[in-house]
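Okay, structure first, notes after.
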Amino acid sequence: MNRKKPKIRSLPDPAFASILLAWFDHSATEMPWRGQRDPYRVWLSEVMLQQTRIAAAESYYRRFLERFPTLQSLAEASLDEVLKLWEGLGYYARARNLHRVAQLIVNEHNGQFPASAEALQTLPGIGRYTAAAIASIAFGEAVAVLDGNVVRVLTRLMDIPDEVSQPAVMNRLWAVASELLSPKRPGDYNQALMDLGRMICTPRRPACQHCPVREFCLAAANGTMEQRPVKKPKAPLPQVRAAAAVIRDQAGRLLLVQRPEHGLLGGLWMLPGGHCLPGESYVECLQRSLMELVGIEIRAGKEMAATSQTLAHFRLRLRAFACELVAGTPTGETRWAWVSSTELSRYSLGKADREILERLEQWQPRLFEEC
DNA sequence: AATCCGGGGAG
DNA sequence: CTCCCAGGATT
């Protein structure tokens, strides 16, 4: 008979790391941040990669590093410029923390990065994963990482049937990750395990035929690969309505306001407006929001553009209305600016606002003619 | 333990 | 359309 008995090598086993590293040495993917150990660059890449695919981060990494080649240059920059470079990448608290940490290290650590995972994790925006990634890659510290890829690989290797968001399960996975780590080449090992999860041990239809560590995999033997990891079902996304005002001054410039530092798209700019309260009309929302934001009374006219967007926790419907300034002039704590067409590209905006502005220019090019 | 925080690519 | 991505902070 040519039927093979599934012979599983049980973990931990020192052979696991050596087999994985041999595969990595043979088939590692080229990435802009690989092949060097500068803590600043490793840190930047790891922060950019938080909840972000490699393909999405690569161009941002190159641009960011070109503008801020050193920790010092980043520390000296304005937050506005950092956010502008981050525009489109999402999770903007990462950019704010990046800027803050750069200043912190330059001013209080003599420009030297903390060199251990434990010390790194005290910095804002650096959690357990990122601290371990930086420490292992830049400093060679023997600490394991646990990201979404590694969770998937480990729950399959061990065929873990438990729901993975539970703290007890995550603690076990961190422990397993540490047991399997190669103390000789921790940085390469960590990246190898993530490469494996990304390229071979994929969420759907994993390429077990090409897996270098299949002989260790219980899920592959049991045929449960696609059922691992077990995740909690997601709640349906609520719908959120939002309104934006298109207001021009006599020169034809648009009024933009800056969002508060914390919260959604914090620190980015937007067309003035906000979320509609329950039962509130778009026009009522605009009148209330403009008064709250910059203390002006407006009259809302016809709808100029609209867009929809799905965020992590809600579906957004944004409608923009041509508005007239009835009374008052912008004031208050919210930063605001009259922005001409040529200046628009210097402001950082979320996707929905950027889309609204594109449609305004497309349908009403004369709107900006006199600028 | 639950929620918030973006945007995009793959299937 | 759904899922998920080199997660972290806050409550």
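Residue numbering restarts at 1 for every chain, and letters A, B, ... go by the order of the sequence lines. This one's a predicted model, so the numbers in the text were calculated from it and none came from an experiment.
Below 30°, between 30° and 60°, or above 60°: for A/Trp336 and A/Trp338 the angle between ring planes is above 60°, a perpendicular geometry.
Residues A/Leu268 and A/Met270 fall into different hydrophobic clusters, defined by Ile, Leu, Val, Met, Phe, Trp and Tyr side chains chained together at heavy-atom separations under 4.5 Å.
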Item to check | Summary of protein contacts for nucleotides 4-11 of chain B, nucleotide by nucleotide, where a base hit scores B, a sugar-phosphate-only hit scores S (4.0 Å, heavy atoms) | outcome: BBBBBB-S

Checklist entry - Going through the distances and angles, do A/Arg67 and A/Glu81 end up as a salt bridge (charged side-chain N to carboxylate O under 4.0 Å, His left out)? => result CA-CA 10 Å; A/Arg67 173 60 188 85; A/Glu81 191 183 0; 2.4 Å; yes

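Against DNA chain C, the stretch residues 120-150 of chain A makes heavy-atom approaches under 4.0 Å through A/Leu123, A/Pro124, A/Gly125, A/Ile126, A/Gly127, A/Arg128, A/Tyr129, A/Thr130, A/Asp147, A/Gly148, A/Asn149. Near-neighbour residues of DNA chain C inside residues 28-36 of chain A, defined by a heavy atom below 4.0 Å, number-ordered: A/Met31, A/Trp33, A/Arg34. DNA chain C is contacted by A/Glu46, A/Leu49 of residues 41-49 of chain A, taking any non-hydrogen atom closer than 4.0 Å. Remark: nothing in residues 172-180 of chain A comes within less than 4.0 Å of DNA chain C through any heavy atom.
Here A/Arg315 lies in heavy-atom contact (under 4.0 Å) with sugar-phosphate atoms only. The residue A/Asp195 sits close to a base: some heavy atom pair falls under 4.0 Å.
In summary, the side chains of A/Glu355 and A/Thr307 do present a donor paired with an acceptor at a separation below 3.5 Å, with no hydrogens or angles considered.
Proximity of a side-chain donor or acceptor of A/Ser116 to a complementary backbone N or O of A/Ala119 within less than 3.5 Å is detected.
For A/Glu324, there are no side chain to side chain donor-acceptor pair (under 3.5 Å) partners, not counting sequence neighbours.
Put simply, A/Lys232 has a side-chain N or O that comes within less than 4.0 Å of OP1 or OP2 on B/dA2. For A/Arg152 and C/dC5, the shortest distance from a side-chain N or O to OP1 or OP2 is below 4.0 Å.
Under the 4.0 Å criterion applied to side-chain N and carboxylate O atoms, A/Arg288 and A/Glu292 are assigned as salt-bridge partners.
In summary, the aromatic rings of A/Trp86 and A/Tyr60 are positioned with their centroids too far apart to meet the 6.0 Å limit.
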